[in-house]
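The structure displayed is predicted, hence computed values, not measured ones.
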Amino acid sequence: MRVDPERRLHAIARMTVSIRLAVSALVLAAILLTAALSSLLWWRTAEAASRQLASTINEQIVAAVRKEVSAIVDEARAAHTAIRTLFLQNVLDTREADKREFVFLSQLQSQATISWVAFGWPDGSFFAAHKLGDRRLEMMEISLTDHPGERRVDEYDVVPGDIEFANRRFEPTDFRVADQAWFKAGLGADDPQWFRVMRHATGERPSIAFAGPIDVYQERQGVLAVIIEYTRLARFLSQLEVGRTGTAFIVDGSGELVAAPDKDADELHPARGDTALLPLARAALDQAGEAGRKEAWRSRLTSGGAAYEVALTPLPFPGWSLATVIPEAEFLGPVETTLHRLILGLTVGAVLAALASAMLARSVIAAPLSRVVGELRHVEAFALEQVRRHPSRLKEIASLSGAIAEMAAGLSAFRKFIPADLVRGLLRQGVEAKPGGSIQELSVMFIDIAGFTGLSERLGDRVVPLLSRYLDLTSEIIVANGGTIDKFIGDAVMAFWGAPQPQADHAARCCRAALACRRAIDESGLVDDLGQPLQIRIGINSGRMLVGNIGSELRLNYTVIGDAVNVASRLEGANKSYGTQILIGAATERLARGAVVTREVDSIAVYGREEGLSVHELIGMANEMAVGSTGWIADYERGLATYRARRFADALADFEAVLKRRGDDRPAELMRDRCRRLAAAAPDVSWRPVAALASK
């Protein structure tokens with residue numbers, strides 16, 4: 001008997017149960033089984049509970065300290081990177097005192113853990129912003145040229161949302177930044193690194209510094225250091241509760257104390273925390289050896305007849321470890337046999353519960369979810385046509401499968417707006433949908449219709465079918481030649497080659513696509529409202545440009561930007577001046593040389609630039625040109641060379657030879673007329689063979 005598929009789906013829907021009910025039943029069964037077994041052994045679990053409590057306390061402390069140390073390290077790096085970027089981008093000059101003071105002070109205010117931001121020049125001069133506790137800041141400068149041996153200090157009071165100048169003083173100093181290890185190493189280094197610092201301009205204060213060189217235009221300006229005093233760590237440790245009488249220390253690889261808890265410690269008050277339990281931490285370091293410096297290590301140590309739980313944990317800063325010392329007297333005494341029984345009982349209970357839950361979950365939840373996950377993989381790969389709907393007895397899984405199928409159907413409608421191949425390429429390369437990019441050497445092309453403004457005004461909405469056919473032709477050719485369509489801007493098409501998939505021959509591909517577009521438009525029979533064949537203009541340029549997701553967190557565009565892109569756009573417009581259809585830049589001609597036939601048209605200064613650019617007309621692909629059909633190119637380029645050599649009469653003869661051989665050649669006509677004018681009235685010595693284009 002044949003069952004109607006739709007009726008069968010309705011029957012399955014009536015039989016489905018809530019996933020919450022199914023999971024709750026599984027969890028309840030596991031809890032009941034575990035509770036029944038563990039309740040028989042619970043009265044013997046005193047030691048297990050105490051050790052677990054000690055472990056939990058230690059884990060919480062470790063997590064908090066690791067997070068704090070990571071934050072301190074990250075803040076130091078972030079501050080160094082931020083200031084270094086201002087110097088590199090020439091937003092801030094190292095000798096601009098006002099701007100430098102503002103930036104350094106703002107970093108101290110914004111980064112709570114930073115104590116110093118310092119800068120040393122190669123001549124030994126020194127400048128620094130220093131935090132004085134939480135309510136005062138000071139700015140100091142030591143110049144070896146103006147006032148050697150003297151330190152200028154400006155103090156500021158921190159008020160809500162601002163700082164106020166308090167006083168200025170001058171005092172003698174024997175501090176020399178040239179003697180500091182971070183300065184000497186930074187002058188000869190390529191990248192910033194961490195240093196241990198003891199001596200400062202204000203005296204000896206144990207610290208760490210993230211220091212590195214600052215280079216502007218490949219010239220070393222000096223060394224920038226972001227310094228964190230250990231007192232900041234001591235204050236943080238005082239906020240941790242290590243049991244009632246336990247404590248935590250930060251020690252370095254040699255066992256030297258970095259920080260002990262002290263709530264009053266800051267840049268003005270040295271750390272004087274309680275270090276009575278520090279010998280136990282050092283004993284643990286000696287006992288653990290290298291293992292305690294590479295991974296977490298725990299042990300039970302005794303001192304003075306008392307037992308202590310000591311744990312060592314490596315911290316994110318190289319060589320540092322956190323040592324926690326907790327007296328066992330705070331917890332119940334150890335009962336090893338009870339612990340073993342508890343572990344055995346819980347293990348048996350967990351195994352039984354896991355077996356029962358696994359058998360039920362596999363058939364009811366895991367298998368349907370695996371099929372749904374498979375459909376999500378298709379969506380992830382943008383293979384939307386492969387997504388299928390899967391019925392399930394669980395209502396939520398059935399709804400999820402249906403939602404995925406509907407999502408795939410909705411996404412399919414966007415393929416005409418978002419290139420599917422581009423999306424797949426970005427997914428394969430793991431490019432996240434967030435702002436970002438990289439500098440790469442690519443080729444970019446701009447195409448538009450000659451005279452489109454007037455054409456669109458005359459045709460009105462009747463221009464849409466014409467524009468659609470033109471965009472269809474060019475888009476198909478660009479994609480067929482491996483290009484990425486960036487955007488449509490009215491009648492203009494912007495595309496690029498070499499990303500997201502690398503293409504070693506991106507310049508040749510771009511040129512081949514341009515020639516194919518011109519040929520396709522000529523053969524399409526497209527005409528304007530006056531019956532004239534549709535004409536297009538193309539500009540191509542290659543070079544290093546920024547490619548990636550450009551935009552905001554709300555909307556992104558995978559595109560290219562940069563000077564090379566702007567030049568390609570100007571070259572497209574330059575076709576109008578030279579009566580050509582395809583102009584390419586010198587970089588494109590160089591990269592595609594051997595694969596294309598070109599002629600150098602002129603040196604032009606495009607709109608917005610003063611220097612001359614060598615511009616070439618793309619004639620055709622080398623393997624498609626008939627033998628002997630390009631002899632006139634040598635005449636033209638010889639004429640261009642003599643023109644640049646100021647031999648205008650000789651150049652005139654070469655350009656006229658081109659016109660005699662070709663009949664109609666607008667660039668040759670322009671150069672001929674230019675040579676006539678220059679031959680009649682010789683230019684002065686400031687003349688340059690560069691044509692300036694006055695429009696985009």
Side-chain angles (χ1 to χ4, degrees), residues 414-423 425 442-456 459 462-501 503 505-529 532-542 547 557-560 564-576 580-585 588 592 595-596 598 617-621 624 696:
F414 281 88
R415 288 188 174 185
K416 293 188 177 182
F417 301 95
I418 305 173
D421 290 337
L422 172 60
V423 175
L442 309 174
S443 294
V444 62
M445 176 171 69
F446 285 86
I447 311 175
D448 76 355
I449 299 174
F452 181 75
T453 301
L455 176 63
S456 61
L459 289 179
R462 290 180 296 140
V463 78
V464 174
L466 176 66
L467 187 60
S468 178
R469 177 60 178 155
Y470 149 74
L471 292 175
D472 282 343
L473 289 172
T474 54
S475 299
E476 290 174 3
I477 292 171
I478 290 170
V479 173
N481 283 275
T484 298
I485 297 176
D486 187 305
K487 60 177 71 73
F488 299 132
I489 314 169
D491 65 314
V493 182
M494 177 183 173
F496 56 89
W497 278 257
Q501 295 295 336
Q503 296 166 331
D505 58 342
H506 54 83
R509 286 173 178 258
C510 185
C511 291
R512 186 179 297 109
L515 292 167
C517 287
R518 182 176 67 180
R519 183 167 55 251
I521 296 298
D522 291 343
E523 295 173 355
S524 67
L526 291 175
V527 296
D528 60 17
D529 58 320
Q532 297 298 318
L534 202 66
Q535 298 291 321
I536 62 173
R537 293 193 290 253
I538 301 176
I540 298 173
N541 193 39
S542 303
V547 58
N557 183 22
Y558 187 76
T559 186
V560 292
V565 179
N566 299 334
V567 170
S569 175
R570 302 295 190 266
L571 292 180
E572 180 274 318
N575 282 290
K576 185 175 182 180
T580 53
Q581 282 192 288
I582 307 175
L583 289 179
I584 68 176
T588 304
V596 299
T598 65
E617 180 186 8
L618 179 60
I619 307 300
M621 300 304 295
E624 298 174 359
K696 298 184 180 181

Once side-chain hydrogen bond (donor to acceptor under 3.5 Å, both in side chains) is applied, what residue pairs with a partner in residues 463-480 remain, sequence neighbours excluded? none

Pick one: which of I485, T484, V565 meets side chain to side chain contact (heavy atoms under 4.5 Å, CB included) with F496? T484

What closest approach, in Å, do [X] and [Y] show between heavy atoms, and which atom pair accounts for it?
X: V596; Y: T598; value: CG2-CG2, 3.8 Å
X: M445; Y: A513; value: CE-CB, 4.5 Å
X: S443; Y: S542; value: OG-OG, 2.6 Å
X: G498; Y: H506; value: N-CB, 3.9 Å

If you round to the nearest 0.5 Å, how far is [atom2] of [Y] from [atom1] of [X]?
X: L455; Y: D491; atom1: CG; atom2: CG; value: 9.0 Å
X: E572; Y: M494; atom1: CD; atom2: CE; value: 12.5 Å
X: I477; Y: I521; atom1: CD1; atom2: CD1; value: 7.0 Å

T588 vs C510 side-chain heavy atoms within contact, under 4.5 Å: no

Is there a side-chain contact between I540 and I582, using heavy atoms and a 4.5 Å cut-off? yes

Hits for side-chain contact (heavy atoms from CB on, under 4.5 Å) against A568, two or more places apart or cross-chain, chain-then-number order -> V444, F446, N541

For I489, which residues count as a side-chain contact (heavy atoms from CB on, under 4.5 Å) partner, sequence neighbours excluded? K487, A492

Looking only at atom types and distance, does a side-chain atom of W497 sit under 3.5 Å from a main-chain N or O of N481, one as donor and one as acceptor? yes

Using distance only, find each side-chain donor-acceptor pair of residues 532-539 under 3.5 Å and give its atom names and separation, not counting sequence neighbours.
residue : atom : partner : partner atom : Å
Q535    : OE1  : Q581    : NE2          : 3.2

For R518, the side chain to side chain donor-acceptor pair (under 3.5 Å) test, sequence neighbours excluded, returns none

Pairs touching residues 519-529 that satisfy salt bridge (Lys or Arg N to Asp or Glu O under 4.0 Å), sequence neighbours left out: R458-D529

Chi angles and distances behind the side-chain contact (heavy atoms from CB on, under 4.5 Å) call for L473, L526: CA-CA 11 Å; L473 289 172; L526 291 175; 4.1 Å; yes

